[in-house]
Amino acid sequence: MLCDMSIATRVAEFGAILKKTNLTNRRGELRDLEQAMSDLAKRFITLREAGRNLFLVGNGGSAGVAGHAATDFFNVARLKAITLHEASLMTCMSNDFGYENAFARMLSQLVEPNDILIAISSSGNSANITNAAKRATEKGAEVITMSGFTFDNALRGMGDVNFWLDSHDYGFVEIGHQFLLHNISDRLNEKLCEV
Ligand SMILES: O=C(CO)[C@@H](O)[C@H](O)[C@H](O)[C@H](O)COP(=O)(O)O
């Protein structure tokens with residue numbers, strides 16, 4: 001075995017990374033995780049009451065994370081939640097405007113003030129995700145970023161709320177993001193608990 005992939009070791013490592021979840025605001029100020037999660041759940045309730053939209057973007061495994069979370073936000077939390085990586089539209093936008101501009105082009109047309117964008121990138125340095133975050137902010141939407149890898153990755157400074165996981169391991173960062181998003185949608189699940 002090249003490295004220790006035992007379940008016990010991986011669970012311990014994953015738990016330690018999650019416990020250290022770093023959450024900052026747009027000014028880079030550190031926020032208390034429990035308070036911020038509670039505030040976020042309340043923010044999603046106001047989003048639902050206002051009939052505004054929730055967009056989620058990511059590449060590769062993070063597109064999968066976005067898709068799972070969008071399903072939970074739609075089905076469990078009753079939000080207008082959608083991803084933007086439907087193959088036909090994504091390939092059209094990428095082919096016509098460049099991959100790095102694809103999500104931003106879509107958001108130019110779709111996003112409105114007081115919508116929310118969740119921008120997910122493990123490295124925090126994928127240009128199509130940082131461009132999406134920039135465009136959503138320009139359009140007056142609130143931006144939540146989820147990243148990992150280096151502390152000073154580009155995405156981490158671009159959101160109103162910025163989650164950062166202290167790991168360079170794609171598996172931990174992706175599943176960690178999924179866990180955190182699930183925790184938010186679970187808070188809006190009336191069958192599980194009330195905010
Ligand atoms: O799932 C994985 C790795 O676990 C890959 O598909 C990974 O998501 C892709 O390489 C992405 O392109 C990585 O982009 P990013 O999350 O760093 O922005």
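Hydrogens, waters and symmetry mates play no part in the numbers below; they use all other heavy atoms, side chains included. Please read all numbers here as calculations on a predicted model, not as lab measurements. Each ligand, and each atom within it, is numbered from 1 in the order the structure gives.
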Asks: With sequence neighbours excluded, tell me which residues meet side-chain hydrogen bond (donor to acceptor under 3.5 Å, both in side chains) with R48.
Replies: none

Asks: Residues in side-chain hydrogen bond (donor to acceptor under 3.5 Å, both in side chains) with R26, at least two apart?
Replies: T137, D160

Asks: Return the set of residues passing side chain to side chain contact (heavy atoms under 4.5 Å, CB included) with F97 (not counting sequence neighbours), or none when no residue passes.
Replies: M93, N101, R105

Asks: Kindly print each ligand 1 N/O atom paired with any protein N/O atom under 3.5 angstrom away, one pair per line, or none if nothing qualifies.
Replies:
unit_1: ligand 1; atom_1: 1 (O); unit_2: G61; atom_2: N; d: 3.3
unit_1: ligand 1; atom_1: 1 (O); unit_2: E174; atom_2: OE1; d: 3.4
unit_1: ligand 1; atom_1: 1 (O); unit_2: E174; atom_2: OE2; d: 3.1
unit_1: ligand 1; atom_1: 4 (O); unit_2: E174; atom_2: OE1; d: 3.0
unit_1: ligand 1; atom_1: 4 (O); unit_2: E174; atom_2: OE2; d: 3.3
unit_1: ligand 1; atom_1: 6 (O); unit_2: G61; atom_2: N; d: 3.3
unit_1: ligand 1; atom_1: 8 (O); unit_2: N59; atom_2: O; d: 3.3
unit_1: ligand 1; atom_1: 8 (O); unit_2: G61; atom_2: N; d: 2.8
unit_1: ligand 1; atom_1: 8 (O); unit_2: E174; atom_2: OE2; d: 3.2
unit_1: ligand 1; atom_1: 16 (O); unit_2: S122; atom_2: N; d: 2.9
unit_1: ligand 1; atom_1: 17 (O); unit_2: S123; atom_2: N; d: 3.0
unit_1: ligand 1; atom_1: 17 (O); unit_2: S123; atom_2: OG; d: 2.8
unit_1: ligand 1; atom_1: 17 (O); unit_2: Y170; atom_2: OH; d: 2.9
unit_1: ligand 1; atom_1: 18 (O); unit_2: S121; atom_2: OG; d: 2.6
unit_1: ligand 1; atom_1: 18 (O); unit_2: S126; atom_2: OG; d: 2.5

Asks: What do you reckon, is NZ of K139 surrounded by more than 12 foreign heavy atoms closer than 6.0 Å?
Replies: yes

Asks: Evaluate the ring planes of F149 and H168, with Trp represented by its six-membered ring, and classify them as parallel (under 30°), tilted (30 to 60°) or perpendicular (over 60°).
Replies: parallel

Asks: Looking only at side-chain N and O atoms, does D169 offer a donor or acceptor that is under 3.5 Å from a partner on S167?
Replies: no

